[in-house]
Enquirer: 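Have a look at the structure that comes next, please.
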Amino acid sequence: MKIIADENMPYVDALFGDLGEIEYVNGRTLTPEQVRDADVLLVRSVTKVNAALLTNADKLKFVGSATIGTDHVAVDYLAQQGIPFTNAPGCNATAVGEYAFIAMLELAHRFGESLQGKVVGIVGAGNTGTAAANCLEAYGLKVLLCDPVKAEQGDSREFVSLDTLIAQADIISLHVPITKDGEHKTWYLFDEARLNQLKPNTWLLNCCRGEVIDNRALIKFKQQRDDVKLVLDVWEGEPNPMPELVALAEFATPHIAGYSLEGKARGTFILYQKLCAVLSIDATKSLTSLLPPFQFNQISLHTDLSEAQLLSLSRLVYDLRDDDRKFRGCFNTASGFDLMRKQHTYRREYSAISLTQMQLAEQRGAINQTMLTALGFN
Ligand SMILES: NC(=O)C1=CN([C@@H]2O[C@H](COP(=O)(O)OP(=O)(O)OC[C@H]3O[C@@H](n4cnc5c(N)ncnc54)[C@H](O)[C@@H]3O)[C@@H](O)[C@H]2O)C=CC1
Ligand SMILES: O=C(O)C(=O)[C@H](O)COP(=O)(O)O
């Protein structure tokens with residue numbers, strides 16, 4: 001069996017090595033010729049899987065995308081052709097949630113403010129939005145959710161309109177899929193008019209898809225509104241973000257908000273499980289055996305923490321400043337954006353650290369082991 005896999009998908013050898021011969025490819029430049037003999041195709045978000053790519057792929061039995069988003073895959077076309085497809089819903093939700101939370105801690109630190117006491121608006125209350133909300137609520141923040149789709153589906157959580165969220169939130173974090181049609185389309189959801197609604201000193205984070213914000217309008221807006229602070233992980237026109245916009249963001253990264261080792265491993269593992277089911281064979285490999293030990297896996301707390309100390313602890317699993325610095329140095333060089341993504345293998349999730357607290361304080365709202373466990377630490 002011939003398995004064509006994106007070269008940026010980790011753990012493919014470990015999981016799929018026994019199932020067939022693996023050929024690694026550059027997902028962004030994949031051609032119909034390269035997939036013509038494939039039995040299995042494993043992609044990431046940069047590969048457009050459509051009729052044009054699969055025109056000669058007559059043997060194809062399975063397509064898997066180790067991503068949450070499916071906007072790069074012609075799902076209807078695959079169904080018509082009878083080719084089983086799966087994505088990996090939820091695989092990197094914790095990573096995106098922690099990225100958003102850590103970015104907010106970084107912003108608070110940079111501007112000499114406290115994150116505690118802020119109101120955060122989450123647009124899109126699915127897997128990643130809920131993961132971000134869980135961290136924020138664990139930290140005691142008031143969270144407003146806007147998700148008209150979930151509201152219509154009868155989700156029992158409380159939702160607000162986007163206008164209310166923009167009017168009330170100090171921080172807005174975007175977690176929607178990219179959709180171009182329909183009542184709730186998200187393409188340019190934040191256009192010039194919406195951006196102009198932002199209240200003074202709003203922090204705006206985008207870690208879903210670049211085109212959810214009109215990036216040209218954002219440049220124009222930000223040039224006049226220095227009070228608004230931006231954290232941007234995704235960009236219109238990837239892998240070539242607009243340089244003016246990179247310069248205007250407080251933290252800028254190359255679409256790696258979901259790139260914890262745990263999230264990547266989960267993504268590949270979900271595809272492995274689904275392929276085994278399609279082939280009617282037992283999935284004998286385990287997810288936990290894939291991850292290397294983390295160098296700080298046991299930490300003892302001797303006192304409750306301050307917010308600055310929580311940030312230091314967070315920087316052990318993910319130092320956003322490093323990615324921001326690297327990104328600014330490489331994003332406008334040839335392949336810089338993709339190379340940084342390819343080499344990104346160092347980030348862990350909070351759960352990689354086990355904490356013990358020597359004296360457990362009972363003070364409500366203190367940053368102690370109880371709160372840290374709710375944030376995701378072990
Ligand atoms: N930067 C990165 O590395 C990553 C980016 N993503 C992106 O984030 C997106 C969201 O991921 P998940 O939360 O896992 O997806 P999800 O499908 O679990 O949740 C998305 C939510 O957005 C809601 N929604 C749709 N249209 C909306 C609108 N107009 N206003 C408000 N809410 C709306 C949906 O009802 C759904 O609840 C993915 O589709 C993907 O594009 C996902 C993972 C990693
Ligand atoms: O899961 C998604 O959706 C994403 O956006 C991915 O995390 C992005 O990563 P790649 O699939 O492009 O490596």
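Note that the numbering runs from 1 along the sequence shown for the chain. First listed ligand is number 1; within each ligand, the first listed atom is number 1. In what follows, every heavy atom counts, from backbone to side chain, and hydrogens, waters and symmetry copies are set aside.
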Enquirer: What about F331 and F337, are their ring centers closer than 6.0 Å?
Expert: no
Enquirer: Do you reckon I171 sits in the same ILVMFWY cluster as V212, going by side-chain contacts under 4.5 Å, direct or chained?
Expert: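 No: no chain of side-chain contacts under 4.5 Å links I171 to V212.
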Enquirer: Validate the cation-pi geometry between K342 and Y24: distance from NZ or CZ to the six-membered ring centre under 6.0 Å, angle to the ring axis within 45°.
Expert: no
Enquirer: Show which atoms of ligand 1 fall inside a sub-4.0 Å distance from at least one heavy-atom site of G258.
Expert: 2 (C), 3 (O)
Enquirer: Out of all atoms in ligand 1, which are within 4.0 Å of some heavy atom of V234? Include the element for each.
Expert: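 With V234 as reference, the close atoms of ligand 1 come out as 1 (N).
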Enquirer: How far is atom 19 (O) of ligand 1 from the closest protein heavy atom, and which atom is that?
Expert: G126 CA, 3.2 Å
Enquirer: Looking only at protein heavy atoms, which one is nearest to atom 29 (N) of ligand 1, and what is the separation?
Expert: H184 O, 2.9 Å
Enquirer: Distance-only, no hydrogens or angles: does the Y139 side chain make a donor-acceptor pair with backbone N or O of F101 under 3.5 Å?
Expert: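 Absent.
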Enquirer: Do D304 and Q357 meet the criterion of a side-chain donor-acceptor pair at a distance under 3.5 Å?
Expert: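 Distance-only check passes for D304 and Q357.
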Enquirer: Show me which atoms of ligand 1 lie under 4.0 Å from any heavy atom of D233.
Expert: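 Near D233, meaning under 4.0 Å from one of its heavy atoms, ligand 1 has 1 (N), 2 (C), 3 (O).
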Enquirer: Taking a cutoff of less than 4.0 Å between a non-hydrogen atom of the residue and any ligand atom, is M9 in contact with ligand 2?
Expert: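 Outside the 4.0 Å threshold, so no.
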Enquirer: Could you tell me, atom by atom, which parts of ligand 1 come under 4.0 Å of a heavy atom of V149?
Expert: 25 (C), 26 (N), 35 (O)
Enquirer: Kindly identify the option in H72, K264, R44 whose heavy atom sits closest to atom 10 (P) of ligand 2.
Expert: R44
Enquirer: Using distance alone, determine whether A66 and ligand 2 share an N or O pair under 3.5 Å.
Expert: no
Enquirer: Would you mind running through ligand 2 and noting each atom that sits below 4.0 Å from a heavy atom of R341?
Expert: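 Answer, ordered by atom number: 8 (C), 9 (O), 10 (P), 12 (O), 13 (O).
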Enquirer: Nearest protein heavy-atom contact for atom 30 (N) of ligand 1: which residue, which atom, what distance?
Expert: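 Checking every protein heavy atom, the shortest distance to atom 30 (N) of ligand 1 gives P148 CD, 3.6 Å.
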Enquirer: Got a donor-acceptor contact below 3.5 angstrom from the E23 side chain to the K2 backbone?
Expert: no
Enquirer: Just to confirm my output: which protein heavy-atom neighbour is closest to atom 4 (C) of ligand 1, and how far is it?
Expert: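 Answer for atom 4 (C) of ligand 1: C207 O, 3.8 Å.
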Enquirer: R209 near ligand 2, heavy-atom distance under 4.0 Å?
Expert: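 R209: in contact with ligand 2 (<4.0 Å).
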Enquirer: Could you say whether the N/O atoms of D71 and ligand 1 ever approach to under 3.5 Å?
Expert: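 Checking ligand 1 against D71, no N or O pair falls under 3.5 Å apart.
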Enquirer: Pull out every atom of ligand 1 sitting under 4.0 Å from any heavy atom of V96, numbered as shown with elements.
Expert: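 Those qualifying, in numeric order: 43 (C), 44 (C).
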Enquirer: What class does the angle between the rings of H344 and Y346 fall in, given that below 30° is parallel, 30 to 60° is tilted and above 60° is perpendicular?
Expert: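 H344 and Y346: tilted rings.
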Enquirer: Using non-hydrogen atoms of the residue, decide whether N8 is closer than 4.0 angstrom to ligand 2.
Expert: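 False for this residue.
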Enquirer: Hey, does I68 come in under 3.5 Å of ligand 1, counting only N/O atoms on both sides?
Expert: no
Enquirer: Just distances here: any N/O of T67 and N/O of ligand 2 closer than 3.5 Å?
Expert: no
Enquirer: Hey, is the main chain of G126 close enough, under 3.5 Å, to the side chain of T130 for a donor-acceptor pair?
Expert: yes
Enquirer: Would you give the length of the straight line joining atom OG of S312 to atom CG of L305, rounded to the nearest 0.5 angstrom?
Expert: 9.0 Å
Enquirer: Angle class for the W203/F111 ring planes (parallel below 30°, perpendicular above 60°, tilted otherwise)?
Expert: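 Tilted, since the angle between the ring planes falls between 30° and 60°.
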Enquirer: Which heavy atom of the protein is the closest neighbour of atom 18 (O) of ligand 1, given with residue, atom name and distance?
Expert: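 Closest protein heavy atom to atom 18 (O) of ligand 1: N127 N, 2.8 Å.
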Enquirer: Considering only protein heavy atoms, which is closest to atom 40 (C) of ligand 1, and at what distance to one decimal place?
Expert: R209 NH1, 3.5 Å
Enquirer: Using modelled atom types only, decide if a donor and an acceptor are shared between the side chain of R157 and the backbone of A125 within a distance under 3.5 Å.
Expert: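 Between the backbone of A125 and the side chain of R157 there is a qualifying donor-acceptor contact (under 3.5 Å).
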Enquirer: Stepwise, does the salt bridge (Lys or Arg N to Asp or Glu O under 4.0 Å) test hold for R266 with E349?
Expert: CA-CA 12 Å; R266 263 182 235 119; E349 293 178 2; 2.8 Å; yes
Enquirer: Counting from 1, what ligand 1 atoms have a heavy atom of T186 closer than 4.0 Å?
Expert: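 Here the atoms of ligand 1 in question are 26 (N), 27 (C), 28 (C), 29 (N).
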Enquirer: Could you walk me through whether N87 and V73 satisfy the side-chain contact (heavy atoms from CB on, under 4.5 Å) test, starting with their C-alpha distance in whole Å, then the side-chain angles of each, then the deciding distance to 0.1 Å, before giving a yes or no?
Expert: CA-CA 9 Å; N87 65 330; V73 180; over 6 Å; no
Enquirer: Mark up the atoms of ligand 1 that fall under 4.0 Å of a heavy atom belonging to H255, in ascending order.
Expert: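 Ligand 1 atoms under the 4.0 Å threshold to H255: 1 (N), 2 (C), 3 (O).
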Enquirer: Is it true that G258 lies under 4.0 Å from ligand 2, counting heavy atoms only?
Expert: no
Enquirer: Heavy atom under 4.0 Å from ligand 2: found in V234's side chain, backbone, both, or neither?
Expert: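 No part of V234 comes within reach of ligand 2.
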Enquirer: For G69, take its heavy atoms, then give the atoms of ligand 2 lying under 4.0 Å from any of them.
Expert: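 Those qualifying, in numeric order: 1 (O), 2 (C), 3 (O).
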Enquirer: Can you tell me how far CZ of F251 sits from CZ of R328, rounded to the nearest 0.5 angstrom?
Expert: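 The CZ atom of R328 sits 8.5 Å away from the CZ atom of F251.
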Enquirer: For D324 and R321: C-alpha separation, side-chain torsions, deciding distance, then whether salt bridge (Lys or Arg N to Asp or Glu O under 4.0 Å) applies.
Expert: CA-CA 5 Å; D324 174 71; R321 297 168 306 172; over 6 Å; no
Enquirer: Among all protein heavy atoms, pick out the one at the shortest distance from atom 43 (C) of ligand 1; state its residue, atom name and that distance to 0.1 Å.
Expert: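 In this structure, atom 43 (C) of ligand 1 has N92 OD1, 3.2 Å as its nearest protein heavy atom.
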